[in-house]
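One structure is given here, and the rest of the page talks about it.
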There are 2 protein chains.
Amino acid sequence: MSQAEAPGAEIVSQRVKRRGPAPASRTNLRAVAQHAGVSAATVSRVLADSESVRPETRDKVLRSVAELGYVVNGLARAMTGRGKQIVAFLVSEMVGPSFAALANGVEQVASENDAMFVLCTTHGDAERELEWVTLMAQQRAAAVLLVGASPMGEQHTSRLKRYLQELDPVGTRLILCGHPPSPDLPRIASISYDNHGGAYELTRHLTDLGHRKILFVGAEPNQSTVSDRLAGYQKALADAGIAADDELIIGGPFTIDGGYDGITLAMNRNLDFTAVLGASDAVSIGALRALKQAGKAVPGDVSLVGIDDVPLTADLTPALTTVHVPFEELGRMTAAVALGLTGEQAEHIELKTELVIRESTGHPPVTE
Amino acid sequence: MSQAEAPGAEIVSQRVKRRGPAPASRTNLRAVAQHAGVSAATVSRVLADSESVRPETRDKVLRSVAELGYVVNGLARAMTGRGKQIVAFLVSEMVGPSFAALANGVEQVASENDAMFVLCTTHGDAERELEWVTLMAQQRAAAVLLVGASPMGEQHTSRLKRYLQELDPVGTRLILCGHPPSPDLPRIASISYDNHGGAYELTRHLTDLGHRKILFVGAEPNQSTVSDRLAGYQKALADAGIAADDELIIGGPFTIDGGYDGITLAMNRNLDFTAVLGASDAVSIGALRALKQAGKAVPGDVSLVGIDDVPLTADLTPALTTVHVPFEELGRMTAAVALGLTGEQAEHIELKTELVIRESTGHPPVTE
DNA sequence: TTGAAAGCGCTACCAA
DNA sequence: TTGGTAGCGCTTTCAA
């Protein structure tokens, strides 16, 4: 270290105090300034593309930057409020095409707006979720997105309150995505889509074809998405004058295996049905597998429908009739709200869904 | 602001200087200290779970923290070197099940090790990729993961050099995931899998069944993954004593549509083939669609194989014979290297792939 | 147009 | 066990 350059007369002896916390890089803004023979302020201005700096000075600085391989410290920058915004995407599992489309939508808008997309998975663990929320509060994230269905009810509300408690003081927004507004916490923005309507249309399509015994598979209890879908299904049945039959509602998880097991169970129970409504496309895919194995023709013997319209459903045999959910749009909307691009007040947006009729539905077989 | 507390004799008048850069929260560690009647150092110790603090003091502090709704500033903390590590996952598009499995693997290991998983998409835009690398260097990320195949050759090398130039000075690791080592830059760690061997086995399976005219669809030019797969295919043909026929190699993107278009093209050209090797499962799915539309039976008329073994391939009709790629494992490995869990030196790991025979392959039809 | 210097909020050293 | 305090690296007045 050259100490000859100090212009001051008296040399303060043990001024040198070292405590390198960031051991990686020793080249900081000050070093660049020194190298370029200007002040730190000037370097900062150059880096911030500030107008008021003479071209020659700027060049000099930039040359030093290059020469020293200097990279601004975004962390320090963030501390002064000039950092990148963070949009945190909290989801249970990073699986499935719907997740991908949704995340893509969020990421697009985030990076269009110069924000950083941070993905956090909870694996359904409430503790982990809280940890993420806390971390994001600490990082002063712009927004935390709670993505996907989560359990409803009292417990959920108090959980959200807990989150708010951490996020509010630091100004981080909390947003529900794919989940209806929490009635007790209307302040929390929510971007969701019409699960009820989608399931209604789907069921209606089935009853219009003449089906009267329609199995609902994948009724995971106490979960907003499913319960809305279930409600839509029930409403459509009622409107068609079909009596509710709880036997036809099969529980189980929202997965391929869940669908497979659900159908297997239904057949073991000798349930009588001519159509199956999977609570999601994944469920329907599993259902299809089970149906095929049992030698049932789709839609000859049994009609099958799903919900979500994930990409590959069109490539199944038969191509699946389903409800299209605009996941990417949902993501874009959510990010827009997260970044405050849509106005200030709490928002509750519900996107429309759309029935897509393909090959897996037909008239019920004529029973004699 | 109380100015009475200044112990100095002379009161400098316009000392009050305000410039609130973080407008959200005014409660900082100092505020907590004041509220609790202790020093900042003590609060810091409590928050860091340091041993040397009396229980009563700790309680007092924690009470103040709760009362004030204080949340530590992770940014400031990061500046002193105590921040969360960042693992940045750079990928072209956030699509497909293979992406999900891979990302999941990385995320798992990252959060097991208390690091933050940041997902960045480039949409195939080199400029965007560089921007991300720069940002991550600024954020002092622990590692940047370049995920997925990327073009090969001279240009690629100089691109990597450019990245290194930004990442090296700040100690951020650069890692290639799903991409073989760069011959010119052996320092850069790479975690990949055996594309050549996978394609070889697959082709071998086909030739063993008696196929001699095997179409390769999805030969996107100048891309490491494909070129390795293509090489494996060619090697297997050669080993089976089958002459190479470039006509049978169809270009096009690595997607469902790419597969569809590829087959359509091949049939328009009246190409003679009894089996199709899709460069990826997506390609094969598209190929299957086209084949079906043309009235070809699979595997009766044409055998079809893919590579990747993405979840839904088992649910196609017929279930697809493919090569299983351990994406999640790949992700876990990559993250481990990224976080330096495996030793210090540059690593080049190649994971094994495995042939999965399902229903889409059979003997070629007997031609008379 | 440029420089000096005061923070931003936290951690860690050194004394007490 | 606790407090004082000097940084970490940057931005931004204020004055020159």
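Quick caveat: nothing in here was measured; it's all calculated off a predicted structure. In what follows, chains are A, B, ... by sequence order, proteins preceding strands, each numbered from 1.
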Q: Could you grab the distance from atom CG of A:L164 to atom CD1 of A:I188, nearest 0.5 Å is fine?
A: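 Here the rounded value is 4.5 Å.
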Q.
With rounding to the nearest 0.5 angstrom, report the CD to CD distance, A:E166 to A:Q138.
A.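 One gets 8.0 Å once the value is rounded to the nearest 0.5 Å.
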How many whole angstroms separate atom [atom1] of [X] from atom [atom2] of [N]?
X	N	atom1	atom2	answer
B:R77	C:dT11	CZ	P	5 Å
B:Q34	D:dG3	CD	P	13 Å
B:M79	D:dC8	CE	P	9 Å
A:L75	D:dG9	CG	C1'	10 Å
A:L68	D:dG9	CG	P	14 Å
A:L29	D:dT12	CG	C1'	13 Å
A:R30	C:dA6	CZ	P	12 Å
A:K60	C:dG3	NZ	C1'	13 Å

Tell me whether the side-chain N/O atoms of [X] come closer than 4.0 Å to OP1 or OP2 in [N].
X	N	value
A:T80	C:dG7	no
A:R54	C:dT2	yes
B:N73	C:dG9	no
A:R140	C:dG9	no

Q. What are the residues of residues 36-46 of chain B, sorted by number, that bring a heavy atom to within less than 4.0 Å of DNA chain C?
A.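 B:A41, B:S44, B:R45 - these, ordered by number, are the residues of the stretch whose heavy atoms sit under 4.0 Å from the strand.
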Q) Okay, side chain of A:T122, backbone of A:R128: is any donor-acceptor separation there less than 3.5 Å? A)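 Pair absent, no side-chain N/O of A:T122 close to backbone of A:R128.
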Q. With distance as the sole test, does B:S190 use its side chain to make a donor-acceptor pair with the main-chain N or O of B:L176 at under 3.5 Å?
A.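 Between the backbone of B:L176 and the side chain of B:S190 there is no qualifying donor-acceptor contact (under 3.5 Å).
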Q | Neighbour count >12 (heavy atoms, 6.0 Å) for atom CD, B:Q155 | A |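 No, CD of B:Q155 has 12 or fewer neighbouring heavy atoms, counting only those of other groups under 6.0 Å.
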Q. Is atom CD of B:E93 surrounded by more than 12 heavy atoms (other residues, nucleotides or ligands) closer than 6.0 Å?
A.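 Correct, the count exceeds 12.
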Q | A:L339 to A:A115 - nearest heavy-atom pair and separation | A |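 In this case the closest contact between A:L339 and A:A115 is CD2-CB, 4.2 Å.
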Q) Which of these nucleotides, C:dC10, C:dT11, D:dC10, is closest to any side-chain atom of B:R82? A)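 Of the candidates, C:dT11 comes closest.
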Q) If you pin B:T57 and B:A76 to their nearest nucleotides in DNA chain D, which one's is more 5'? A)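 It is B:T57 whose nearest nucleotide is closer to the 5' end.
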